[in-house]
Amino acid sequence: MQVYLDLLREVLEHGNDRGDRTGVGTRSVFGRQIRVDLQAGFPLLTTKRVHTKSLIHELLWFLAGATDNQLLQAQNVHIWDNWAANDGALGPIYGAQWRSWRCADGRVIDQIAELIATIRARPESRRLVVSAWNPADLPDETISPQDNARAGRMALAPCHCLFQFYVSDGRLSCQLYQRSADLFIGVPFNIASYALLTHLIAAQCDLNVGEFVHTFGDLHLYQNHLTDDIVLAQLTREPLPLPTLQLKRRPNSVFEYRFEDIEIVNYNSHSVIRAPLAV
């Protein structure tokens with residue numbers, strides 16, 4: 001994952017220092033893109049340890065259309081705790097938009113089911129798109145995430161907000177547009193999560209995997225990550241060989257995968273680097 005380290009170095013050395021919603025402040029660049037060959041290994045960062053249990057459970061939670069943080073907590077996954085209301089409510093975040101997009105005429109659209117049906121029926125379609133950016137459900141930035149969730153709005157606006165698939169030569173590729181990208185904490189997780197999603201959908205559609213293309217809007221490092229023991233520490237480390245992904249079972253539907261069906265094999269990495277989360 002040298003391509004990730006190159007991004008890290010570019011933002012560190014050439015980014016602009018800016019304010020942000022959290023009040024922490026960032027160093028930021030705008031409009032970047034990386035490409036990852038999914039045939040070359042599973043793109044899981046090796047210069048620090050990524051918590052694979054959390055990323056697998058979160059993706060399966062999205063695919064289930066779930067938005068209740070208590071379901072993640074039951075699996076000892078706590079990545080959404082800072083935004084959830086006491087009852088676990090997060091409002092209509094990713095899972096709701098992916099699986100039950102609410103229309104003005106009362107219809108509900110399952111974008112993932114429609115996506116897979118279209119890939120199977122019309123693999124050359126240019127409409128293999130899923131959007132989580134629903135302006136009607138965006139949070140009010142003047143109140144807390146918890147109050148937004150209680151009001152029926154998203155607790156947090158979607159950062160990875162739109163993705164598109166592309167089929168060619170029997171391979172499924174994915175491009176993600178991420179409007180806001182926390183390069184140190186979030187981006188390694190996002191890369192692996194969408195790579196896993198591509199593998200799951202490819203398996204359901206009898207395709208091999210192709211590329212993962214990650215396009216960024218505001219790509220940033222938080223100011224409190226620009227230290228010798230966080231960003232600079234990671235830049236001293238050499239990448240290790242990538243692991244591989246093994247899907248142990250192909251269920252009848254992408255919505256029927258379980259945690260134990262997914263195994264990341266030979267994941268060797270440098271140690272964890274802990275960093276504060278900007279909320």
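Owing to the predicted nature of the structure, the values given are computational and were not obtained by experimental measurement.
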Given the rule in the side chain to side chain contact (heavy atoms under 4.5 Å, CB included) test, do Tyr177 and Ser131 qualify, once you have shown the distances and angles that lead to the verdict?
CA-CA 10 Å; Tyr177 181 76; Ser131 175; over 6 Å; no
Take Gln178 and Cys161, measure what side chain to side chain contact (heavy atoms under 4.5 Å, CB included) needs, and give me the verdict at the end.
CA-CA 6 Å; Gln178 186 162 356; Cys161 56; over 6 Å; no
So does Lys248 pair up with Glu263, basic N to acidic O under 4.0 Å?
yes
Tell me if a side-chain donor or acceptor on His225 pairs with a main-chain N or O of Pro276 at a distance below 3.5 Å.
yes
Could you pull out all donor-acceptor pairs under 3.5 Å where a side-chain atom in residues 268-275 meets a protein atom, sequence neighbours excluded?
| unit_1 | atom_1 | unit_2 | atom_2 | d |
| --- | --- | --- | --- | --- |
| Ser269 | OG | Arg49 | NH1 | 3.2 |
| His270 | NE2 | Glu238 | O | 2.8 |
| Ser271 | OG | Arg237 | NH2 | 3.1 |

Non-hydrogen atoms of Trp101 and Asn134 that approach each other most closely
CH2-CB, 3.5 Å
Between the side chains of Asp110 and Arg99, is the shortest nitrogen-to-carboxylate-oxygen separation below 4.0 Å, so that they form an ion pair?
yes
Which pair of non-hydrogen atoms, one from Pro43 and one from Val36, has the smallest distance, and what is that distance?
CB-CG1, 3.7 Å
How are the rings of Trp61 and Trp80 set relative to one another: parallel (under 30°), tilted (30 to 60°) or perpendicular (over 60°)?
tilted
Any side-chain heavy-atom pair from Gln234 and Tyr4 closer than 4.5 angstrom?
yes
What verdict does the side chain to side chain contact (heavy atoms under 4.5 Å, CB included) test give for Ile201 and Leu115, after you've listed the backbone C-alpha separation in whole Å, the side-chain angles of each residue and the deciding distance to 0.1 Å?
CA-CA 9 Å; Ile201 292 178; Leu115 168 78; 3.8 Å; yes
Distance-only, no hydrogens or angles: does the Asn148 side chain make a donor-acceptor pair with backbone N or O of Asp140 under 3.5 Å?
yes
Using modelled atom types only, decide if a donor and an acceptor are shared between the side chain of Arg120 and the backbone of Gln204 within a distance under 3.5 Å.
yes
Determine the minimum heavy-atom distance between Leu12 and Leu221, stating which atoms define it.
N-CD1, 4.1 Å
Can you tell me if Asp20 uses its side chain to pair, donor with acceptor, with the backbone of Gly25 under 3.5 Å?
yes
Examine distances only and state if a side-chain atom of Tyr166 and a backbone atom of Gly210 form a donor-acceptor pair shorter than 3.5 Å.
no
Does the pair Asp169/Arg171 count as a salt bridge with the N-to-O cut at 4.0 Å?
no
Measure from the side-chain N and O atoms of Tyr194 to the backbone N and O of Val213, and report whether any donor-acceptor pair falls under 3.5 Å.
no
Main-chain N/O of Phe184 paired to Lys48 side chain as donor or acceptor, under 3.5 Å:
yes
Using a cut-off of 6.0 Å, state whether more than 12 heavy atoms not belonging to Arg102 lie near its atom CZ.
no
If we ignore hydrogens and angles and just use 3.5 Å, is the side chain of Glu124 paired with the main-chain N or O of Ile119 as donor and acceptor?
no
Using modelled atom types and a 3.5 Å cut-off, is there a donor and acceptor pairing between side-chain atoms of Gln39 and backbone atoms of Val209?
yes
Stepwise salt bridge (Lys or Arg N to Asp or Glu O under 4.0 Å) check, Asp17 with Arg27:
CA-CA 4 Å; Asp17 291 335; Arg27 185 166 296 175; 2.8 Å; yes
With sequence neighbours left out, what residues match Asp206 under salt bridge (charged side-chain N to carboxylate O under 4.0 Å, His left out)?
Arg250
Given 3.5 Å as the limit, does a donor-acceptor pair link the side chain of Gln111 with the main chain of Gln97, or not?
yes
Report the residue from Phe212, Trp133, Trp98, Tyr94 that forms a ring-ring contact (aromatic ring centres under 6.0 Å, His included) with Phe163.
Trp98
